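Since this is a predicted model, take the numbers as computed values, not measurements. Just so we're on the same page: letters track the sequence lines, and every chain starts at 1.
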Amino acid sequence: MPWISDHVARLDPETFYFQFHNLLYAYGRNCSYICYRVKTWKHRSPVSFDWGVFHNQVYAGTHCHSERRFLSWFCAKKLRPDECYHITWFMSWSPCMKCAELVAGFLGMYQNVTLSIFTARLYYFQKPQYRKGLLRLSDQGACVDIMSYQEFKYCWKKFVYSQRRPFRPWKKLKRNYQLLAAELEDILG
DNA sequence: ATTTTCAAT
């Protein structure tokens, strides 16, 4: 698979501000980004294992969502059966129903891996199948949450070429977060 | 309150 090692470490500020804008109805965000962080344990102490950014890719007419790209890379290059991992995803779009099923299956298969998801926006959140996907992930033990100011600020510092400039929150960040969090709460019951 | 979408007209 050609996309296995094709990910980037950091985002440009403009890309981050546009792609992670937490709108309920986002225009023109025709791609998806995952800023990821993987933690493992050495002698029972948590240690940072890896971090970076994945995005979706179209290769030879095949669409590969960022979640699938991450899992392909992680399973092929990183995952060891005798180690425990905690993965955190900061996503621009929440997973589609197919990716939700894929990731839930992955979590079911690898009991040594746990996952926390923070998403900036909810993908097709009015469609029942997409809502069920998120519920399925949650039922499989994934923590699913909406990115708040705290997560945006963290991502800005960790995953963006911010050149020591401070994170500048956009208008209605907090209000949008509240609306999305209420929607997610409804989805997850 | 908003009506978009891991592109394709």
Which is true for [X] with a 4.0 Å heavy-atom rule: it touches a base, it touches only sugar-phosphate, or it touches nothing?
X: A/K172; value: base
X: A/L179; value: base
X: A/C31; value: sugar-phosphate

Nearest-angstrom distance from the residue atom [atom1] of [X] to [atom2] of [N]:
X: A/F18; N: B/dC6; atom1: CZ; atom2: P; result: 11 Å
X: A/E101; N: B/dC6; atom1: CD; atom2: P; result: 21 Å
X: A/N22; N: B/dT4; atom1: CG; atom2: P; result: 18 Å
X: A/E183; N: B/dT4; atom1: CD; atom2: P; result: 16 Å
X: A/R121; N: B/dT2; atom1: CZ; atom2: C1'; result: 14 Å
X: A/Q126; N: B/dT2; atom1: CD; atom2: P; result: 11 Å
X: A/Y123; N: B/dT4; atom1: OH; atom2: C1'; result: 10 Å
X: A/L173; N: B/dT2; atom1: CG; atom2: P; result: 20 Å

Under-4.0 Å salt bridge between A/R37 and A/D50: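 Salt bridge between A/R37 and A/D50, a charged N being under 4.0 Å from a carboxylate O: no.
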
Residue met sooner reading DNA chain B from 5', once A/C96 and A/L23 are mapped to nucleotides: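 Upstream on the strand: A/L23.
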
First encountered from the 5' end of DNA chain B, between A/Y25 and A/S94: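 In this pair, the answer is A/Y25.
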
Between [X] and [N], is there a contact of a side-chain N or O with OP1 or OP2 at under 4.0 Å?
X: A/N176; N: B/dT2; result: no
X: A/Y124; N: B/dT4; result: no
X: A/H63; N: B/dA7; result: yes

Above 12 or not: heavy atoms from other molecules or residues under 6.0 Å from [atom1] of [X]?
X: A/K158; atom1: NZ; result: yes
X: A/K78; atom1: NZ; result: yes
X: A/R165; atom1: CZ; result: yes

Inter-nucleotide C1' distance (B/dT4, B/dA8), Å rounded: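 Between the two C1' atoms, the distance is 15 Å.
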
Same-atom distance (C1') from B/dT5 to B/dT9, integer angstrom: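 About 16 Å, rounded to a whole number of Å.
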
A/Y110 and A/F106 aromatic ring geometry - parallel, tilted or perpendicular at 30°/60° bounds: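 Rings of A/F106 and A/Y110: tilted, as their planes differ by 30° to 60°.
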
Aromatic ring pairing A/Y36/A/F70, orientation class (parallel under 30°, perpendicular over 60°, tilted between):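 A/Y36 vs A/F70 ring planes: perpendicular.
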
B/dC6 base / A/E67 side chain donor-acceptor hit below 3.5 Å: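 Present.
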
Minimum-distance nucleotide to A/L24 side chain [options: B/dT5, B/dA7, B/dT2]: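 Nearest nucleotide to the side chain: B/dT2.
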
Residue A/N56, side-chain atoms from C-beta onward, closest of B/dT4, B/dA7, B/dT5: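 The closest nucleotide is B/dA7.
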
